[in-house]
Number of protein chains: 2
Amino acid sequence: MTYMVSTGGNMGMDFKRLKYFLAVAEELHFGRAANRLDIAQPPLSRQIAALEAELEVQLFDRSRSQIRLTQAGEVLQDHARQLLERLDAAYRETKMVGSGASGRLRIAFVGSASHGVLPTLIKSYRSFYPEVELQLSAMNNAELQTALISREIDIAVARPVLDDEEFRREPLCTEPLILALPDNSELGTQLEIRFADLADQTFVLYPRKPRPSYADKVLDICAREGFKPKAVDLAQDFQSAISLVSVGVGIAVVPQSVSRTQRPGVIFRPYKGYNPGTGLTVHARLDNRAPQVMHFLEVTRKFARKQ
Amino acid sequence: MTYMVSTGGNMGMDFKRLKYFLAVAEELHFGRAANRLDIAQPPLSRQIAALEAELEVQLFDRSRSQIRLTQAGEVLQDHARQLLERLDAAYRETKMVGSGASGRLRIAFVGSASHGVLPTLIKSYRSFYPEVELQLSAMNNAELQTALISREIDIAVARPVLDDEEFRREPLCTEPLILALPDNSELGTQLEIRFADLADQTFVLYPRKPRPSYADKVLDICAREGFKPKAVDLAQDFQSAISLVSVGVGIAVVPQSVSRTQRPGVIFRPYKGYNPGTGLTVHARLDNRAPQVMHFLEVTRKFARKQ
DNA sequence: CCCGTTGATACCATATAGGTCATAACGGAG
DNA sequence: CTCCGTTATGACCTATATGGTATCAACGGG
């Protein structure tokens, strides 16, 4: 399983030696090569001799006035060039990824964020860091939390927030709640809708499982407005809720941004009454200080201020 | 023209550092990695820290109980593996070529050698050094000499020898001269042919230009046998001479090995009389100590002794 | 809450690389 | 044949790098 480095003595052949060798191979003159390398000639001769001893191979044909590469020298020259080029590539690429200018960022978000400010935020991040490969996926809050903890994702955009001390948080936006009504509802004809008047309506609700759930929030509004609603808790998410509304099952309470996607048979209306609103929060693991993550949070912060 | 090595400070990233880094990246544990590398843990920590400083990049996420590669670390790990593998390949390949077990050997020979012992010699060399790529070509003595001097070839097989102090020599074989006769010649019916009886024959001769030439040798035999021959000096080489013999132009004096290739219209016969013989000699530049060359000469020496 | 483990730090010893100077060996040009 | 240029080599010094030992600090598990 573990990769065994060839533990041969070939460690004497380090990059410096190869660089020296290349210089001599190209100049075919120890003096000039040493000059180019900004070292004196004797140390250079010593290093080349050490390399030859290390390889037990003659790399140059030395006749006093003219040196020439041997076959082995030519072979090594090819390899040395490639090695140094690749070293440089490794150096640059690692720096790029390490600085956050390149690499990968895995972002997951609640489905209801896909039509609000999140796309704009992501676009903004991409404009700053176009070389970072974004891996986007949608999941619910519970999945976001476990995925973030298990490091399957780097960034979680949750609604409204994940309750975990291990996470760094950055608020992205807040928005009021509005009503989604079937377009044949007589409520749609009213100039304004008071929430307290909805006591006899059927409410499309949501899963209750991860408490506190969004369903709890809706029930809380009803309670504050003085009634307990007739509820159908069938919708897994806002889009399914809208679908149910469109076929006349009932009305739904949704974040304002959901209304950006119009759906035949559904109209959206603000309401008068208690409106706790909702919002999106960007999360990352506290211990994930990857520059891509820090940059994304930074962009989020600036972005949220501008809203 | 000269290849400029990226003179960046990335020389601090030498093979040793990469090896250390790989060990930590694979063990994900400084202590075990240090153990595997047979060094103490503190120096290893320092080397990794130096590498990170050099790259200005964090390579590991250190939480006390578990370290993890960062994205940049993963990128560097990939590159480091490849670099170390390629270094090892360069090391081994250079050694192979340097030891003479691999590489290239450029051999040129006089055309008349292509049907005698030379093929056997080459076969013998190949059996010892099958990985050496042989580049064979045919040329006359003069071309052999200039090609060897200009290093276009490594080995020259000449007939009988090249007169140059700069060459190392190894005799390959000697052989008597024989006569090539048209098959309708009445000489072919004789039990034995005395050279002195050939005074009235027409001799196919050869170019005289690089003195002493093979033509001179034939004329010398004639002189010693007491006559000056009627000569047609048209043949560039033995094969052309044989062709001329086959169409009845005259008779030719050729090395015995030429008779190995039978030609319709031509018969070969030994003769009585002065026979200086001829031979092949293997040459190489004195200053060419390439192991492939030394090995070839060695094989030649053993081969010639066995004959 | 304490202990053990683990990486980091401090300090010392040594090895290695490079500088400098001098010189020998060798080849080529005049 | 001698002089010049080039490389190899040795002696000696210095600075930097590298490794070892001892110790510390932080974090997690029992």
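Note that these values count all heavy atoms, side chains included, but never hydrogens, waters or copies made by symmetry. Residue numbers start from 1 in every chain, and the chains themselves are labelled A, B, ... in the order their sequence lines are given, proteins ahead of strands. Source: prediction; values computed, not measured.
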Undergrad: Without decimals, in angstroms, what is the distance between Tyr20(B) OH and dG7(C) P?
TA: 17 Å
Undergrad: If you measure only the distance, is there a donor-acceptor pair under 3.5 Å linking the side chains of Gln145(B) and Glu143(B)?
TA: no
Undergrad: What is the separation between atom CG on Asp287(A) and atom P on dC27(D), rounded to the nearest whole Å?
TA: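 It works out to 12 Å between those atoms.
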Undergrad: Can you check whether Leu69(B)'s main-chain N or O pairs, donor with acceptor, with Gln77(B)'s side chain at less than 3.5 Å?
TA: no
Undergrad: Could you state the CG-P distance from Asp14(A) to dT16(C), rounded to the nearest angstrom?
TA: 13 Å
Undergrad: Grab the CG-P distance between Asp38(B) and dT18(D) for me, whole Å please.
TA: 18 Å
Undergrad: Can Glu52(B) and Arg62(B) be counted as an ion pair, charged N to O under 4.0 angstrom?
TA: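 Yes, Glu52(B) and Arg62(B) are salt-bridged.
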Undergrad: Closer than 3.5 angstrom, by distance alone: can the side chain of Gln135(B) be matched with the main-chain N or O of Arg104(B) as a donor-acceptor pair?
TA: no
Undergrad: Dump every N/O contact between nucleotides 9-17 of chain D and the protein below 3.5 Å, one line per pair.
TA:
none

Undergrad: Report each atom pair, protein N/O against N/O of nucleotides 23-26 of chain C, whose distance is under 3.5 angstrom.
TA:
residue : atom : partner  : partner atom : Å
dC26(C) : O4'  : Arg64(A) : NE           : 3.3

Undergrad: Kindly point out which of dT20(C), dA8(D), dG18(C) is positioned nearest to the side chain of Lys16(A)?
TA: dG18(C)
Undergrad: Sort and list the pairs that fulfil salt bridge (charged side-chain N to carboxylate O under 4.0 Å, His left out) and have at least one residue in residues 147-165 of chain B, not counting sequence neighbours.
TA: Arg106(B)-Asp154(B), Arg151(B)-Asp287(B), Arg159(B)-Glu175(B)
Undergrad: How about Phe128(A) and His295(A): are their ring centroids closer than 6.0 Å?
TA: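 Not under 6.0 Å, so no.
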Undergrad: According to salt bridge (charged side-chain N to carboxylate O under 4.0 Å, His left out), does anything in residues 67-79 of chain A pair up with another residue at least two apart or in another chain? List the pairs.
TA: none
Undergrad: For the CZ atom on Arg301(B), are there more than 12 heavy atoms of other groups (residues, nucleotides or ligands in this structure) within a distance under 6.0 Å?
TA: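 Yes - once you tally the heavy atoms of other residues, nucleotides and ligands closer than 6.0 Å, there are more than 12.
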Undergrad: Find the distance Asn35(A):CG to dG19(C):P and express it as a whole number of Å.
TA: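 Rounded to the whole Å, the gap is 11 Å.
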Undergrad: Please report the distance, rounded to the nearest Å, between CD1 in Ile39(A) and P in dT20(C).
TA: 12 Å
Undergrad: Sorted by first residue and then second, give each ring pair (Phe, Tyr, Trp, His ring centres under 6.0 Å) pair with at least one member in residues 42-64 of chain A; sequence neighbours left out.
TA: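 Non-adjacent pairs meeting ring pair (Phe, Tyr, Trp, His ring centres under 6.0 Å): Phe21(A)-Phe60(A).
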Undergrad: Write down the distance between CG (Leu44(B)) and P (dT21(D)), rounded to a whole number of angstrom.
TA: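 It is 15 Å, rounded to the nearest whole Å.
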Undergrad: Treating His283(B) as the side-chain partner and Ala156(B) as the backbone partner, does any N or O pair qualify as donor plus acceptor under 3.5 Å?
TA: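 Present.
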Undergrad: Looking for any heavy atom pair under 4.0 Å, which part of the strands does Phe60(B) touch: base, sugar-phosphate only, or nothing?
TA: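 The answer is nothing, as Phe60(B) stays clear of every strand by at least 4.0 Å.
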Undergrad: Work out how much the helix from dC1(C)-dG30(D) to dG30(C)-dC1(D) bends between its end axes, five pairs an end, to the nearest 10 degrees.
TA: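 Rounded to the nearest 10 degrees, the bend comes out at 30°.
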Undergrad: Would you mind reading off the distance between Phe30(B) atom CZ and dA8(C) atom C1', rounded to a whole angstrom?
TA: 10 Å
Undergrad: Can you name the closest pair of heavy atoms from Ala284(A) and Val293(A) and give their distance?
TA: CB-CG1, 3.6 Å
